[in-house]
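Indexing begins at 1, ligand by ligand and atom by atom, following the structure's order.
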Amino acid sequence: MSAPARPNSGVRSPARAAISARTLRTDRWWLPPLLTTLGLATFVVYATVRSFVRSAYWVDQYHYLTPFYSPCISDSCVPGSSHLGTWVGALPMWIPLGFLVLPFLLGFRLTCYYYRKAYYRSIWLAPPACAVAEPHGSYTGETRLPLIVQNAHRYFFYVALIVSVVNTYDAVMAFHGSSGGFGFGLGNIVITVNVILLWAYTLSCHSCRHVTGGRLKHFSAHPLRYRLWTWVSTLNTRHMQLAWTTLATLMITDFYIMLVASGTISDLRFVN
Ligand code: FES
């Protein structure tokens, strides 16, 4: 079998060792990329279906609102679910009610440094694993469309901060009793844990690390920023785990609210 054509860049370039086999590895190097693909696909399918389905996203009795519909600012939102008011009229079914923030949250996750590594390897196969040649013949990095958009990550980070504030507001509003006043149930725990982890994921962002400690020549002259950078850096070491955990907590939160809103289960109440 003849070796593949050798372009001027990439793993088949003349400067690289001429090995025709894709890899000499004999272990199950394909397992991590496969699991990553399955994990990401599960979230994408679930989030897409739930974002468009327009049902069971609001528990009027306890003011639980799923994060996939927050903020709900359209006349199409069910009464009570628009914490921030309605800014636009009724929307056709092909526009998700959470349209205001979904593109930014999607952009934030897609351009995240960790997710880039995950889907570059598992979906783009560039490369799928160490010592496994990628199928692409050339490499242009993140210097051209569409990947040049990855450089906008810091701007998505700023929007994600605002979204986290909105999610926090939703979580506070959810401490609502069935007959008004204060109430507290299992749903509050689910929603609050999700918001805390979303904050942890957002603040552990590499852009946040740069915002707090970047462009400084001497940390000694900026003790407050140094302290913030230290905290963010500690969180940052858990960024991958937080990336996966928050995908799970987002789905769990939405699923729990869906079950309660649809009447499938009752919320476990500690203070009604
Ligand atoms: Fe992952 Fe910024 S690097 S959210």
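- Remark: ligand 1 atoms within the under-4.0 Å shell around heavy atoms of Y201 are 1 (Fe), 4 (S).
- Per the SG-SG cut-off, C205 and C112 are not bridged by a disulfide [distance not under 2.5 Å].
- Residue contacts with ligand 1, taken as heavy atom pairs separated by less than 4.0 Å, do not involve F157 at all.
- A donor and an acceptor atom, one from each side chain of Y69 and D254, are nowhere located under 3.5 Å apart.
- When distances to atom 1 (Fe) of ligand 1 are checked against a cut-off of 2.8 Å, H239 contributes an N, O or S atom below that limit.
- For the atom pair OG (S207) and OH (Y158), the distance works out to 7.0 Å, reported to the nearest 0.5 Å.
- Residue-ligand proximity, C205 to ligand 1, at heavy-atom distances under 4.0 Å covers atoms 2 (Fe), 3 (S), 4 (S).
- Linking ILVMFWY residues whenever their side-chain heavy atoms come closer than 4.5 Å, directly or via other members, leaves L102 and L84 in distinct clusters.
- Taking backbone and side chain together, C112 holds an N, O or S atom under 2.8 Å from atom 1 (Fe) of ligand 1.
- Residue F108 touches ligand 1 through its side chain alone, judged by heavy-atom distances below 4.0 Å.
- Residue H153 counts as close to atom 2 (Fe) of ligand 1, with an N, O or S atom under 2.8 Å.
- Counting only heavy atoms from C-beta outward, the side chains of S70 and V166 approach each other to under 4.5 Å.
- Aromatic ring centres of Y201 and F108 lie closer together than 6.0 Å.
- Ring centroid separation for the pair Y114 and H239 does not come in under the 6.0 Å cut-off.
- Contact atoms of ligand 1 toward Y113: 1 (Fe), 3 (S) (distance under 4.0 Å to a heavy atom of the residue).
- Residue contact annotation: F156 has no non-hydrogen atom under 4.0 Å from ligand 1.
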